[in-house]
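What follows is a single structure, written as structure tokens, with notes after it.
Convention: sequence-line order gives letters A, B, ...; per-chain numbering from 1.
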2 protein chains.
Amino acid sequence: MSYSYEYPKADHTVDAVVFGLDQDAVSLKVLLIERGLEPFRGYWALPGGFIHMDEDLDAAVLRELEEETNVKLSFVEQLYTFGNPNRDPRGRVISTAYLGLARPSHVTVKRGSDAASAVWWSLDKLPELAFDHSEILEVGMQRLRSKVRWQPVGIELLPDAFTLTDLQQVYEIILGRELDKRNFRRKVLSFGVLAPTGETRYERHRPARLYQFDKDRYQLLRKQGIDFEV
Amino acid sequence: MSYSYEYPKADHTVDAVVFGLDQDAVSLKVLLIERGLEPFRGYWALPGGFIHMDEDLDAAVLRELEEETNVKLSFVEQLYTFGNPNRDPRGRVISTAYLGLARPSHVTVKRGSDAASAVWWSLDKLPELAFDHSEILEVGMQRLRSKVRWQPVGIELLPDAFTLTDLQQVYEIILGRELDKRNFRRKVLSFGVLAPTGETRYERHRPARLYQFDKDRYQLLRKQGIDFEV
DNA sequence: TCAAAAGTGTTATGAGTACACCCATGC
DNA sequence: GCATGGGTGTACTCATAACACTTTTGA
């Protein structure tokens with residue numbers, strides 16, 4: 001069975017909006033690459049590239065991310081497909097954008113493939129981006145903000161063990177407002193998806209209890225339709 | 001400036017999951033076409049087709065819908081992009097799916113283009129669908145159900161003037177559960193986006209007040225971050 | 001006068017929010 | 001002993017949810 005289409009075809013790319021935390025867990029960063037090829041050579045852009053003919057879109061994102069930045073994701077979901085006919089000077093290029101989250105421990109940026117370099121950029125001092133990537137980034141940020149209200153997104157950004165203050169800071173960064181410590185703790189603990197490791201972390205002051213995320217219990221509650229609004 | 005890519009390219013289509021109400025406003029239907037061409041000739045499928053090189057994705061959906069079914073939408077948004085390499089026997093075809101809503105008054109299905117026929121199907125007795133369209137339809141249904149909790153989706157399915165009982169029935173259909181009449185009315189009226197037309201509709205029993213949707217006021221409240229959970 | 005859908009308020013419960021002080025450690 | 005962040009409980013407000021009867025019309 002063979003069907004042939006001879007008319008011109010669009011190209012298809014994937015691009016990833018990947019967020020991660022700074023080491024001090026106090027600011028949110030986005031992963032950008034410096035383009036090594038035309039067009040927009042020397043500009044900063046979202047990591048991504050052309051899909052292969054035999055790979056799924058999700059696989060293409062992970063591959064491109066691995067090739068260009070060596071970053072592995074703790075979370076990924078499809079964001080939106082951008083198809084404006086003029087969004088790419090090379091011609092008709094449709095791009096499916098993904099939202100990704102990475103833990104700090106997994107971030108070891110390397111040189112590779114089409115990218116001249118790859119760096120975590122602070123969201124408050126971004127460079128001009130190639131193509132329509134500013135628009136894509138904005139959509140990614142909106143999605144992150146709306147996700148955080150219903151799902152324990154913060155956990156995907158933190159290391160395996162973390163303190164409740166760490167977690168609260170992540171939520172405050174993403175939501176862009178301060179939260180009450182007592183209310184926050186009561187709320188997140190009431191979900192029953194956080195378990196103390198028994199360990200503590202001491203840095204200069206009173207040691208803080210470390211917690212870990214109980215993924216099985218989370219999946220169970222999700223199936224029961226439980227929301228996790230903070 | 002010219003960049004040429006000679007490797008094989010995927011095709012790109014759009015498909016639409018379009019919901020509408022039956023005349024009696026008591027059941028939710030989905031718009032399907034009967035395929036007139038191979039592959040899956042004679043099967044039922046979501047309306048859609050190949051995008052043109054110079055048109056935006058949104059425009060492509062509306063065009064295909066117009067060509068195949070003559071249905072105009074009161075609401076449309078992008079749903080998800082399906083890119084499994086084996087989803088289409090013709091080869092690599094990536095499809096961006098859209099969610100659409102149509103008012104009953106706008107529904108006048110016609111013959112045209114690739115479709116042998118176009119019909120509103122009840123959701124509880126669907127035929128086997130072509131390609132991965134069952135999966136796409138399921139994603140559309142999920143999106144509709146999650147949207148209904150935050151946005152006055154019901155209004156996009158009803159005619160310009162409607163009774164509160166109409167509106168409640170729409171919500172009950174989409175949510176799949178019964179709602180309390182008094183609570184529902186208090187809630188939807190409290191948003192302040194419904195205005196009585198002054199008219200009533202009488203059919204056999206006590207006449208019901210007709211309402212219309214105040215779109216300007218709705219946009220205003222949305223900008224203020226107001227949610228519309230029912 | 002009866003059948004059928006339209007329309008209307010009150011109460012109880014639970015969630016969200018605001019708020020201030022003591023505790024454990026390093027220096 | 002003091003500076004610093006860790007850790008805890010109560011009271012108020014507001015939204016949700018449960019619940020039953022009267023009104024208006026056509027037949």
Side-chain angles (χ1 to χ4, degrees), chain A residues 23-26 148-152 154 158-159 161-173 175-212 221 224-230, chain B residues 23-26 148-150 152 154 158 161-173 175-212 221 224-230:
Chain A
Q23 293 86 326
D24 55 3
V26 81
V148 80
R149 300 202 55 183
W150 307 108
Q151 289 167 40
L158 290 168
F162 50 86
T163 69
L164 292 183
T165 300
D166 290 342
L167 188 61
Q168 181 174 345
Q169 282 179 346
V170 175
Y171 277 90
E172 288 179 341
I173 290 167
L175 292 171
R177 64 188 169 92
E178 300 202 338
L179 300 172
D180 180 87
K181 184 161 59 165
R182 283 164 294 188
N183 294 341
F184 179 81
R185 285 163 184 245
R186 180 159 10 107
K187 190 69 182 285
V188 298
L189 291 177
S190 75
F191 295 147
V193 298
L194 295 183
T197 63
E199 310 275 302
T200 55
R201 190 177 66 196
Y202 26 92
E203 41 183 288
R204 298 192 304 283
H205 310 299
R206 173 172 177 176
R209 273 192 276 252
L210 288 169
Y211 287 81
Q212 58 194 3
L221 291 173
Q224 293 169 12
I226 310 286
D227 283 330
F228 293 83
E229 185 174 8
V230 177
Chain B
Q23 293 87 324
D24 55 4
V26 81
V148 80
R149 300 203 55 186
W150 307 109
L158 289 167
F162 50 86
T163 69
L164 292 183
T165 300
D166 290 342
L167 188 61
Q168 181 174 345
Q169 283 179 347
V170 174
Y171 277 91
E172 288 178 342
I173 290 167
L175 293 171
R177 64 188 169 93
E178 299 202 337
L179 300 173
D180 179 87
K181 184 159 61 164
R182 284 164 294 186
N183 292 342
F184 179 80
R185 283 165 184 244
R186 180 159 8 106
K187 191 71 180 286
V188 298
L189 291 176
S190 74
F191 295 147
V193 297
L194 296 182
T197 63
E199 311 273 303
T200 55
R201 190 177 65 196
Y202 26 93
E203 40 183 289
R204 298 193 305 283
H205 310 298
R206 174 172 176 176
R209 274 194 276 254
L210 287 169
Y211 287 81
Q212 59 194 1
L221 292 172
Q224 295 169 11
I226 311 285
D227 283 329
F228 292 84
E229 185 174 6
V230 176

Report yes if the side chains of [X] and [Y] come closer than 4.5 Å at any heavy-atom pair, otherwise no.
X	Y	value
A:Lys181	A:Leu164	no
B:Arg201	B:Asp166	yes
B:Val170	B:Val148	no

In whole Å, what is the span from the [atom1] atom of [X] to the [atom2] atom of [N]?
X	N	atom1	atom2	answer
A:Glu203	C:dC27	CD	C1'	15 Å
B:Arg201	D:dT25	CZ	C1'	15 Å
A:Arg204	D:dG5	CZ	P	6 Å
A:Phe184	D:dG7	CZ	C1'	14 Å
A:Tyr202	D:dA3	OH	C1'	21 Å
B:Phe191	D:dT16	CZ	P	8 Å
B:Asp166	C:dA5	CG	P	13 Å
B:Leu189	C:dA6	CG	P	14 Å

[N] OP1/OP2 closer than 4.0 Å to side-chain N/O of [X]:
X	N	answer
B:Arg209	C:dT8	yes
B:Lys181	C:dT8	no
A:Lys187	C:dA15	no
A:Arg185	D:dG7	yes

From the candidates D:dT23, C:dA18, D:dG6, the one with an atom nearest any side-chain atom of A:Arg206 is D:dG6

What's the closest nucleotide to the side chain of A:Arg186 if the choices are D:dA17, C:dA18, C:dA20?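 For the A:Arg186 side chain, the nearest candidate turns out to be C:dA18.
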
Base, sugar-phosphate, or nothing: which does A:Thr165 touch, judged by heavy atoms less than 4.0 Å apart? sugar-phosphate

Under 3.5 Å donor-acceptor pair, B:Arg182 side-chain atoms to D:dA17 base atoms: no

Can a donor-acceptor pair under 3.5 Å be found between the side-chain atoms of A:His205 and the base atoms of D:dT4? yes

Side-chain (B:Gln168) to main-chain (B:Arg185) donor-acceptor, under 3.5 angstrom: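 Not a single qualifying donor-acceptor pair exists.
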
Taking for each residue the nucleotide of DNA chain C with the nearest heavy atom, is it A:Asp180 or B:Ala208 whose nucleotide lies nearer the 5' end?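 This one resolves to B:Ala208.
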
As an exercise, state the distance from CZ of B:Phe184 to CG of B:Leu167, rounded to the nearest 0.5 Å.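 The CZ atom of B:Phe184 sits 4.0 Å away from the CG atom of B:Leu167.
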
